[in-house]
There are 2 protein chains.
Amino acid sequence: MNVLIVHAHPEPQSFCAAMCTVATEHLRAMGHQVRVSDLYAVGFNPVASAADFQQRHNPDHLVYALEQRHAQANGTLAADVRGELAKLLWCDLVIFNFPIFWFSVPAMLKGWIDRVLVSGVVYGGKRFYDRGGLEGKKAMLAVTIGGQSHMFTSDGVHGPLNDMLKPLLQGTLGYAGLSVLPPFVAWHVPYISAAERGHILADYRARLDSLDSATPLPMPSLAHFDERMRPLG
Amino acid sequence: MNVLIVHAHPEPQSFCAAMCTVATEHLRAMGHQVRVSDLYAVGFNPVASAADFQQRHNPDHLVYALEQRHAQANGTLAADVRGELAKLLWCDLVIFNFPIFWFSVPAMLKGWIDRVLVSGVVYGGKRFYDRGGLEGKKAMLAVTIGGQSHMFTSDGVHGPLNDMLKPLLQGTLGYAGLSVLPPFVAWHVPYISAAERGHILADYRARLDSLDSATPLPMPSLAHFDERMRPLG
C-alpha cells in the first residue's frame with residue numbers, strides 16, 4: 001500500500017510528531033511505501049489566494065475553485081500544490097496527523113485542504129461523496145487532544161468527537177470520495193505520563209496492523225438523491 | 001454597541017466582501033462603532049508557531065497554549081495577535097464574515113482563531129462555555145456558500161449546516177463564552193443573479209436591524225457537570 005502522512009504540528013519533539021514517526025516506521029516495517037508531508041517543516045503556505053495562479057482564467061475576479069479547474073486543465077497549478085496533489089493521487093491511504101486546535105485542524109492543515117483538494121480533480125459538479133474524485137482510497141485521522149474521552153460521549157460536555165469532526169470526516173474526506181476509517185485519538189496528551197504515552201503508541205501500532213479490517217464511517221450516498229439533490233421518495 | 005467584523009475572502013470584489021461593506025455601513029448608520037479586520041488585505045499570518053513568542057516560557061519544547069498564557073502574562077504576545085485581541089476585547093459583538101471552504105472557515109480565518117483566541121484570556125482551566133472568557137459578548141457568522149439550502153435540511157444530502165458548523169459555533173465561539181446568534185447564510189452565491197444578490201443584502205440589513213431580539217443558539221452549561229466534567233445526576 002502507498003501511504004501519505006500529512007503531519008502538521010509546530011513542535012518537532014511533540015507527542016504528535018512521535019505518532020507520525022511511529023506510523024512511518026511501523027507502516028514501512030509492514031512493507032508499505034510511506035511518504036510524509038511535514039507541513040511546518042517545509043513552511044507550507046496555507047493561504048488560498050490569487051498568488052496560486054500564474055495564468056488566470058479570469059484576471060479581474062478571483063473565484064478560487066474555478067481558477068483551480070482552469071490551472072489543473074492547463075498545468076499551471078502552483079508547484080507546491082502540484083507536488084502535494086501528486087502525493088495524494090499516488091497514495092492508497094492518507095493519514096492526517098495533527099493536534100486538535102479548537103475542535104478542528106490547525107490553520108496550517110486547513111490550508112493544505114483548501115489548496116490541495118483541487119476542484120476538477122478531487123470533486124466538482126456532481127462528483128462528491130460516493131462519486132468523489134478520490135473514490136477507492138482510504139483516509140484516517142490520527143489526532144492528539146487535550147480533553148478526556150468522557151467529555152466526548154453523547155452526554156458529555158462537548159458531545160461526540162466525531163460530531164465535532166463532521167466537517168472534516170464527512171464534509172471534506174467523505175465528500176472527496178475517500179473511505180474514512182474511524183479516527184485514532186490520543187486523549188489528554190498534555191497531562192499524561194510517559195508510560196501512558198507509550199501505551200497510546202502501542203495502541204496506534206495495533207490500529208495500523210488492523211487497517212484492512214476497519215469498518216469505514218457511514219457517509220451519504222448520492223444514490224438516495226435526485227439530480228437536484230432532493231431526497232428520492 | 002462596538003462591533004468587530006473579521007473578514008476573510010481573497011477577492012475584494014466578491015459578494016462576501018460586499019456583505020462586509022453592507023454590514024459596516026448599516027451598523028454605523030444605526031449608530032454603532034465598527035472596526036473591520038480584513039485578514040487578506042493586511043496579509044495576516046495564520047500559522048501558529050514558535051515565532052509568535054519572542055520570550056519563551058520553555059524554549060526547548062513548544063506547547064502553544066502554555067506559551068500564550070506566559071506571553072499574555074508578560075506582555076510579550078506578538079504585535080499582530082495583541083492588536084487583534086485588543087479589538088476582540090473592545091467589541092460587544094464580533095461578526096465573522098467569510099466564504100465556507102470545505103464546510104468550515106478558510107485557513108486564513110482558522111489561523112486568526114488559533115492565534116488570537118489566547119489561552120488565559122479567552123479560555124483556560126475551567127473557563128469555557130458559560131464560564132468562558134468572552135462571556136457577555138455576542139458573536140455571529142455571516143457566510144457565503146455554494147450549496148442550496150435544501151441540501152442542508154435534516155434529510156438533505158449534507159445534513160443541517162449548523163451541525164457542520166458545530167466546531168465553530170459551539171467548539172470555538174460558545175466555548176469562549178460568547179452568545180452565538182444564528183448564522184446569516186447567503187446560499188448558492190456563485191450561481192445567482194445580481195437581483196437575487198440584492199435581496200440577500202436586504203435580508204442581511206434586516207437581520208442586522210433585529211440583532212437585539214435574536215435568540216442565541218443553545219450551548220452546554222458547566223452547571224450540569226461536576227469538577228471533573230462528569231454529568232451531574
Side-chain angles (χ1 to χ4, degrees), chain A residues 10-11 13-14 40 43-51 60-66 99 101-115 117 128-129 146-148 150-151 153 155-159 163-168 170-172 175 190 220 222 224-225 228-231, chain B residues 10-11 13-14 40 43-51 60-66 99 101-115 117 128-129 146-148 150-151 153 155-159 163-168 170-172 175 190 220 222 224-225 228-231:
Chain A
E11 172 55 60
Q13 301 175 91
S14 63
Y40 272 91
F44 186 76
N45 164 29
V47 179
S49 80
D60 299 323
H61 189 118
L62 177 73
V63 179
Y64 194 79
L66 295 183
F101 282 6
W102 293 100
F103 301 93
S104 180
V105 294
M108 180 62 104
L109 180 51
K110 184 56 167 61
W112 189 96
I113 291 168
D114 291 348
R115 296 180 69 228
L117 299 187
F128 58 100
Y129 291 138
Q148 294 178 267
H150 72 266
M151 300 165 84
T153 57
D155 64 350
V157 67
H158 303 309
D163 287 0
M164 282 287 192
L165 297 176
K166 183 177 178 183
L168 187 57
Q170 176 184 323
T172 305
Y175 187 92
L222 297 197
H224 301 137
F225 297 86
R228 295 171 63 210
M229 290 301 135
R230 302 207 181 258
Chain B
E11 172 54 61
Q13 300 175 94
S14 63
Y40 273 91
F44 186 76
N45 164 30
V47 179
S49 79
D60 298 323
H61 190 118
L62 178 72
V63 178
Y64 195 80
L66 294 184
F101 282 7
W102 294 100
F103 301 93
S104 179
V105 294
M108 182 60 106
L109 181 50
K110 183 55 166 62
W112 189 96
I113 291 167
D114 291 347
R115 296 180 69 228
L117 299 188
F128 59 101
Y129 291 139
Q148 294 179 267
H150 72 266
M151 301 166 84
T153 57
D155 64 350
V157 67
H158 303 307
D163 287 357
M164 282 287 192
L165 297 176
K166 183 176 177 182
L168 188 56
Q170 176 184 321
T172 305
Y175 187 93
L222 297 196
H224 302 136
F225 296 87
R228 296 172 61 209
M229 289 300 136
R230 300 203 180 262

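Worth saying up front: this structure is predicted, and the values here are computed from it rather than measured. In the text below, chain A, chain B and the rest are named by the order of the sequence lines, each starting its count at 1.
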* Partners of B:His150 by side chain to side chain contact (heavy atoms under 4.5 Å, CB included), sequence neighbours excluded? -> A:Met229, A:Arg230, B:Gln148

* Asked: Looking at A:Val47 and B:Met108, what are the two nearest heavy atoms and their distance?
  -> CG1-CE, 4.1 Å

* Kindly give the heavy-atom pair with the smallest separation between B:Pro10 and A:Leu62, and that separation in Å. => CB-CD2, 3.7 Å

* To do: Would you mind reporting whether B:Lys110 and A:Trp102 have side-chain heavy atoms less than 4.5 Å apart?
  => yes

* To do: Give the ring-plane orientation class for B:Tyr175 versus A:His158, where under 30° counts as parallel, over 60° as perpendicular and anything between as tilted.
  => tilted

* Who are the side-chain hydrogen bond (donor to acceptor under 3.5 Å, both in side chains) partners of B:Tyr64, not counting sequence neighbours? -> B:Asp52

* Structure fact -> Closest non-hydrogen atoms of A:Tyr40 and B:Ser49, given as atom of the first, atom of the second and distance, are CE2-CB, 4.0 Å

* Contact part of B:Val157 toward chain A, heavy-atom cut-off under 4.5 Å: side chain, backbone, both or neither? -> both

* Closest approach of B:Ala48 and A:Phe101, non-hydrogen atoms and distance? -> CB-CE2, 4.4 Å

* Where do A:Gln13 and B:Asp60 come nearest, in terms of heavy atoms and distance? -> NE2-O, 2.5 Å

* Between CZ of A:Phe103 and CD of B:Gln170, what distance do you get to the nearest 0.5 Å? -> 7.5 Å

* Tell me, for B:Leu222 versus chain A, whether the close heavy atoms (under 4.5 Å) come from the side chain, the backbone, both or neither. => side chain

* Let me know if B:Pro46 has heavy atoms under 4.5 Å from chain A in its side chain, its backbone, both or neither. => both

* With respect to chain B, which residue among A:Leu117, A:Thr153, A:Leu168 yields the maximal number of heavy-atom pairs within a distance under 4.5 Å? -> A:Leu117

